[in-house]
Protein chains: 2
Amino acid sequence: MQRTAAEPGRDLGALSSSGESASARPAACEHGCRFFMDEACAHKSDMDKVGVTVKFARNETIYSKGDEAHYSYKMIEGAVRLSRIFADGRRQIVNFYLPDETFGIELSGEYTSTAEAVGDVVTLRCPRLCIAQLTAGNPDISQKRLAMLSKNLAAAERHVAMLGHQSAKERVASFFLALEMQRRTESEGMLDLPLSRQDIADYLGLTIETTCRALSELKRQKIIDAPSRRRIVIRDLAGLQAIAEGDV
Amino acid sequence: MQRTAAEPGRDLGALSSSGESASARPAACEHGCRFFMDEACAHKSDMDKVGVTVKFARNETIYSKGDEAHYSYKMIEGAVRLSRIFADGRRQIVNFYLPDETFGIELSGEYTSTAEAVGDVVTLRCPRLCIAQLTAGNPDISQKRLAMLSKNLAAAERHVAMLGHQSAKERVASFFLALEMQRRTESEGMLDLPLSRQDIADYLGLTIETTCRALSELKRQKIIDAPSRRRIVIRDLAGLQAIAEGDV
DNA sequence: TCGCTTCTTTGACAAGTCTCAATGCACTCG
DNA sequence: CGAGTGCATTGAGACTTGTCAAAGAAGCGA
């Protein structure tokens, strides 16, 4: 139930910080959210056209499972984790979102998972009703929304496949491989990930210890390197792929 | 439990069987596929309006991963499994589809998983282009399509959560519980599932032996009964829920 | 019906992962 | 600078699941 209210310097979206009255402000759509659905224009040059920027601090809750789903978000900077907590206290991270990706699109009225900022995060935020309005009049946006959901579904299915029958080492390898594929802009093989070991473990469905051991094993094989806590260097991409695919 | 107007062989949709020229036949949409997207009208009274019925025999492949995604399908009868095969020969079942559910909606041009008939199956089949056409002109249908994808995504996330940290016994319990929730029409607690143990195991990310042992354990605890191979009786729903949630 | 095949169930053991505990490492705050 | 804190890593043993093997049911065709 934590609303992301205003700690100093956190909510800089003038429009959005004024509360939940999104439906009363179609203006936000006209000059901002139109761009929200466009995968192609996430970057600074367009950001001034998009009024609804919201920041979150490390580990801050963006929304909780069960909250009314007033907003959808598009990542500008940082990383967000979607997770569910279970009765036994364990946490399953369902997905991570990186810049340019969209999360928080719910068709039922409630969020089905909890979203938290992994590190410091900048997002574009758009009221649900605003999107609905845009979607109704614009098949193009409707199409994009569909594409995003579809992409998320594909990711979830890959996740299922991984959890279904990869060993700890294979999972860790697959995980880094996926990150590497995604962030091709970075300097070769260098992953600068804000995730803790616990985050990784919770995504992979492993304990932190097992994750660590798998990592150490990969280091021993000179396939990756971990020069600092939050940095991974892939030294042998082919080797990593081989492991991810089960060729020991 | 078989019916449907239909025939020898398998493809009785005259419109659809005439090849991939769906785009040239908007007529199919006008009198058939319009209803395809409607969750509410899957039953007999509407079926005569929907020309494109297709049947599949037990274990028949409906489409394979990588095939061009010409069609989407809606389940009328039976069950379908969506799966992926891995390098090591193991199979992960990503989802099952039961009557009234829809599968095969791909936004990329290719199917991302393989679909097979678990038992004998009856589906409604609709060409992709046909759906696209309908969607363009009709925000309502667009909405339904979105809802279906969203439902599939939610299911995938639950699946991830299950594989992420439930024990074998918990998974089996959750599985039957989910089935029970879904088929509330059946007589109390009685599940008539066409799935083999291998199918269940591949869905749960377990081996067939482990699945079997978990099942036997549940039988021993008098929580379920398995009077025949393809039939499960839930004798203690509360107990099943307790196990699924981790309360031993 | 019998015999054959396929699927299911059970057992014994091996392998992988989790749990608990201790240590190491990096960063922050006095 | 040193102590304190949180996170990461490693080790030892318990427990769960996978593997291999065999026996028991169920379905099928001759």
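Chain letters run A, B, ... following the sequence lines, proteins first, then strands; residues in each count from 1. Model, not experiment: these values are computed from the prediction.
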What is the distance, to the nearest angstrom, from the [atom1] atom on [X] to the [atom2] atom on [N]?
X: A:L206; N: C:dT19; atom1: CG; atom2: C1'; answer: 14 Å
X: B:K169; N: D:dC15; atom1: NZ; atom2: C1'; answer: 14 Å
X: A:D199; N: D:dG6; atom1: CG; atom2: P; answer: 17 Å
X: B:L193; N: C:dT8; atom1: CG; atom2: C1'; answer: 14 Å
X: B:E170; N: D:dT16; atom1: CD; atom2: P; answer: 11 Å
X: A:R213; N: D:dG11; atom1: CZ; atom2: C1'; answer: 7 Å
X: A:H165; N: D:dT19; atom1: NE2; atom2: P; answer: 12 Å
X: A:L204; N: C:dT17; atom1: CG; atom2: C1'; answer: 14 Å

Salt bridge or not between [X] and [Y]? Use side-chain N to carboxylate O under 4.0 Å.
X: B:R58; Y: B:D120; value: no
X: B:R84; Y: A:E157; value: yes
X: A:D199; Y: A:R81; value: yes

Exercise for the section: Apply side-chain hydrogen bond (donor to acceptor under 3.5 Å, both in side chains) to A:S83 and A:Q92, showing your working. Expected result: CA-CA 5 Å; A:S83 63; A:Q92 176 65 47; over 6 Å; no
Exercise for the section: Hey, which sits more toward the 5' end of DNA chain D by its nearest nucleotide, A:G164 or A:R220? Expected result: A:R220
Problem - Within residues 81-95 of chain A: residues closer than 4.0 Å to DNA chain C (heavy atoms) - result: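 Correct list: empty, so none.
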Exercise for the section: Can you measure from CD1 (B:I208) to CG (B:D202) and round to the nearest 0.5 angstrom? Expected result: 8.5 Å
Distances for protein N/O vs nucleotides 7-9 of chain D N/O pairs under 3.5 angstrom?
| unit_1 | atom_1 | unit_2 | atom_2 | d |
| --- | --- | --- | --- | --- |
| D:dC7 | O2 | A:R229 | NH2 | 3.2 |
| D:dA8 | OP1 | A:R197 | N | 3.2 |
| D:dA8 | OP2 | A:R197 | N | 3.4 |
| D:dT9 | OP1 | A:R197 | NH2 | 3.3 |
| D:dT9 | OP2 | A:R197 | NE | 2.5 |

Exercise for the section: State which residues pass side-chain contact (heavy atoms from CB on, under 4.5 Å) with A:R231; sequence neighbours excluded, sorted by chain then number. Expected result: A:M190, A:D192, A:P227, A:S228
Practice task
Not counting sequence neighbours, which residues clear ring-ring contact (aromatic ring centres under 6.0 Å, His included) with B:Y203? List them please.
Solution key: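 Expected list: B:F96, B:H159, B:F175.
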Handout entry: Derivation of the side-chain hydrogen bond (donor to acceptor under 3.5 Å, both in side chains) call for B:T61 and B:S64
Key = CA-CA 7 Å; B:T61 298; B:S64 297; 5.1 Å; no
Contact between [X] and [Y] at the side-chain level, heavy atoms closer than 4.5 Å - yes or no?
X: A:V54; Y: A:V122; answer: no
X: A:R235; Y: A:L240; answer: no
X: B:Q221; Y: B:I243; answer: yes

Exercise for the section: Search all heavy atoms of A:K169 against all heavy atoms of A:A214 and return the closest pair with its distance. Expected result: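 Between these two residues, the closest heavy atoms are CA-CB, 4.0 Å.
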Exercise for the section: Classify the ring geometry between B:Y73 and B:F103 as parallel (under 30°), tilted (30 to 60°) or perpendicular (over 60°). Expected result: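 Rings of B:Y73 and B:F103: parallel, under 30°.
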Practice task
Pick base, sugar-phosphate or nothing for A:S167, based on heavy-atom distances below 4.0 Å to the nucleic acid.
Solution key: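 Touches sugar-phosphate only.
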Pick out the pairs of N or O atoms, protein on one side and nucleotides 2-5 of chain C on the other, that lie under 3.5 Å.
none

Problem - CA sep, side-chain torsions, deciding dist, call: B:S174, B:Q166, side-chain hydrogen bond (donor to acceptor under 3.5 Å, both in side chains) - result: CA-CA 9 Å; B:S174 298; B:Q166 289 198 300; 3.0 Å; yes
Handout entry: Terminal axis angle for the helix from C:dT1-D:dA30 to C:dG30-D:dC1, five pairs an end, nearest 10 degrees
Key =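 Here the helix ends are tilted 30° relative to one another.
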Exercise for the section: Determine: side-chain N/O of A:T210 to OP1/OP2 of C:dT17, distance under 4.0 Å, yes or no. Expected result: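 No, because none of the side-chain N or O atoms of A:T210 sits under 4.0 Å from OP1 or OP2 of C:dT17.
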